[in-house]
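Shown next, in structure tokens, is the structure this report addresses.
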Protein chains: 2
Amino acid sequence: MYSYMKRDSRLSSVLHALLHMAEHDGPMTSETLGQCLGANPVVVRRTMGLLREAGLVSAERGHSGGWRISADLKTVSLRQLHAALGEPAIFAIGNRNETPECLVEQAVNAALDKAFLEAEALLLDRFADVTLADLAADFARRHAERRATRD
Amino acid sequence: MYSYMKRDSRLSSVLHALLHMAEHDGPMTSETLGQCLGANPVVVRRTMGLLREAGLVSAERGHSGGWRISADLKTVSLRQLHAALGEPAIFAIGNRNETPECLVEQAVNAALDKAFLEAEALLLDRFADVTLADLAADFARRHAERRATRD
DNA sequence: CTTCATGTAACTATACATGTTACGATTCAG
DNA sequence: CTGAATCGTAACATGTATAGTTACATGAAG
Ligand code: FES
Ligand code: FES
């Protein structure tokens with residue numbers, strides 16, 4: 001019943017959900033989104049709730065309720081979504097002791113931190129460069145390509 | 001009794017241990033290294049064992065036994081150590097589904113993968129640029145600096 | 001032979017995203 | 001007004017990998 005769970009996939013999940021919602025008229029329920037993502041509806045509510053708190057989506061309860069995007073696709077970057085999710089840890093590797101007295105360990109930490117900070121800065125810059133509108137356009141391109149291949 | 005454990009700190013640990021060994025005459029026991037690192041001796045043996053399999057250190061049993069470096073500090077890079085540890089996952093974030101049929105998710109994965117691969121390449125390049133000798137030199141610099149501050 | 005030290009197996013502890021169940025709150029169809 | 005639909009949230013279970021711990025076998029030095 002449980003699939004391999006090794007990494008935080010919430011950014012991937014919300015991106016998929018948001019693009020799905022962008023292509024869809026009217027609100028989408030957690031149940032429907034959960035089926036698209038292969039995820040539990042409660043997990044969808046939990047995760048989308050973070051985007052709601054960030055003002056990126058809104059939710060309506062009751063009949064014909066569900067989730068809606070409440071922001072311009074062109075203004076929402078992956079970095080904003082990462083921030084909305086609480087800026088989860090990016091790396092699975094880190095220092096053993098963050099504030100060591102030992103000079104050897106300080107030298108080790110300095111070298112590792114430098115590399116990690118550079119990589120993190122690059123990643124967040126790339127995230128800042130990509131908007132939901134970009135992803136929607138890429139999806140449209142792939143869609144057209146598939147149609148062309150079929151003909 | 002348990003400290004916060006959220007990330008793989010083995011690279012940090014082996015670097016600390018190796019530099020300690022480099023400054024030390026004769027072999028060092030897992031017990032001693034464990035005290036330096038604030039780690040369990042069995043964990044030290046487990047982790048150093050991976051370096052032994054990579055030919056970077058050797059171990060001797062019995063009286064006055066322990067761990068020795070069996071490689072030139074100038075030739076061992078952080079990247080080699082990362083490889084010796086089995087190339088553990090670098091990122092704590094990833095895609096939900098690595099091979100989706102859905103075109104939306106394919107567009108999402110492509111964007112995320114591109115950013116992650118760039119960041120990973122940068123990190124591994126930085127790792128390849130730093131050798132144990134570099135870290136030892138940085139330690140020596142810090143050591144001299146502390147002495148100067150004390151005077 | 002006794003002691004020291006590695007080599008390993010087996011089990012436990014921890015953190016955290018995710019899965020699951022349950023129930024309350026709200027909205028709307030009829 | 002009643003009941004179904006849907007979000008909001010608490011509470012608990014699950015899976016995974018590193019790290020901690022215990023136990024014992026193996027081998028080397030004195
Ligand atoms: S867009 Fe809904 S399954 Fe991918
Ligand atoms: S060098 Fe041994 S404690 Fe850091």
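These numbers come from a predicted model, not from an experiment. Throughout, a chain's letter reflects where its sequence line sits, starting with A, and its residues are numbered from 1.
Counting only distance, with no hydrogens or angles, the side chain of Gln80(B) and the backbone of Ser77(B) share a donor-acceptor pair below 3.5 Å. At distances below 3.5 Å, at least one donor-acceptor pair connects side-chain atoms of Gln106(B) with backbone N or O atoms of Pro100(B).
Between the side chains of Ser9(A) and Ser12(A), not a single donor N or O lies within less than 3.5 Å of an accepting N or O.
Between Arg7(B) and Glu98(A) a salt bridge is recorded (basic side-chain N to carboxylate O distance below 4.0 Å).
The stretch residues 46-55 of chain A touches DNA chain D through Arg46(A), Arg52(A), each having a heavy atom under 4.0 angstrom from the strand.
Atom-to-atom, CH2 of Trp67(A) to C1' of dC7(D) comes out at 7 Å; the value is rounded to the nearest Å. Between the C1' atom of dC16(C) and the CZ atom of Phe91(A) lies a distance of 19 Å, rounded to the nearest Å. Between the CD atom of Glu31(A) and the C1' atom of dA4(D) there is a distance of 15 Å, rounded to whole Å. Atom-to-atom, CG of Leu33(B) to P of dG7(C) comes out at 13 Å; the value is rounded to the nearest Å. Rounded to an integer number of Å, the gap from Asn95(B) CG to dT18(C) P is 12 Å. If you take CG of Asn97(A) and P of dA19(D), they are 14 Å apart, rounded to a whole angstrom. In this structure, the CG atom of Leu37(B) is 15 Å from the C1' atom of dT18(D), given to the nearest Å.
At a threshold of 4.5 Å between non-hydrogen side-chain atoms, the residues Leu112(A) and Phe127(B) count as touching. Side-chain contact between Met48(B) and Val57(B) is present, with heavy atoms from C-beta onward closer than 4.5 Å.
Residue Met28(B) is the one, among Val42(B) and Met28(B), whose nearest nucleotide of DNA chain C lies closer to the 5' end (criterion: closest heavy atom). Nearest-nucleotide mapping onto DNA chain D: of Asp8(B) and Gly65(A), the residue sitting toward the 5' end is Gly65(A).
Shortest non-hydrogen contact noted between Cys36(A) and His20(A) is SG-NE2, 2.8 Å.
Contact annotation: Ser30(B) side-chain N/O to dT6(C) OP1/OP2 distance is under 4.0 Å. Between Asn40(B) and dT21(D) there is a side-chain N or O to OP1 or OP2 distance below 4.0 Å. Applying the 4.0 Å criterion to OP1 and OP2 of dC4(C), one finds that Thr29(B) has every side-chain N and O outside that range. For Arg45(B) and dA19(D), the shortest distance from a side-chain N or O to OP1 or OP2 is not below 4.0 Å.
The aromatic rings of Phe91(B) and Phe91(A) sit parallel to each other, their planes meeting at less than 30°, with 60° as the upper class boundary.
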Could you go through nucleotides 28-30 of chain C and list every protein N or O atom that sits under 3.5 Å from one of its N or O atoms, giving the distance for each pair?
none

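For Glu31(B), the salt bridge (charged side-chain N to carboxylate O under 4.0 Å, His left out) criterion is met by no residue, not counting sequence neighbours.
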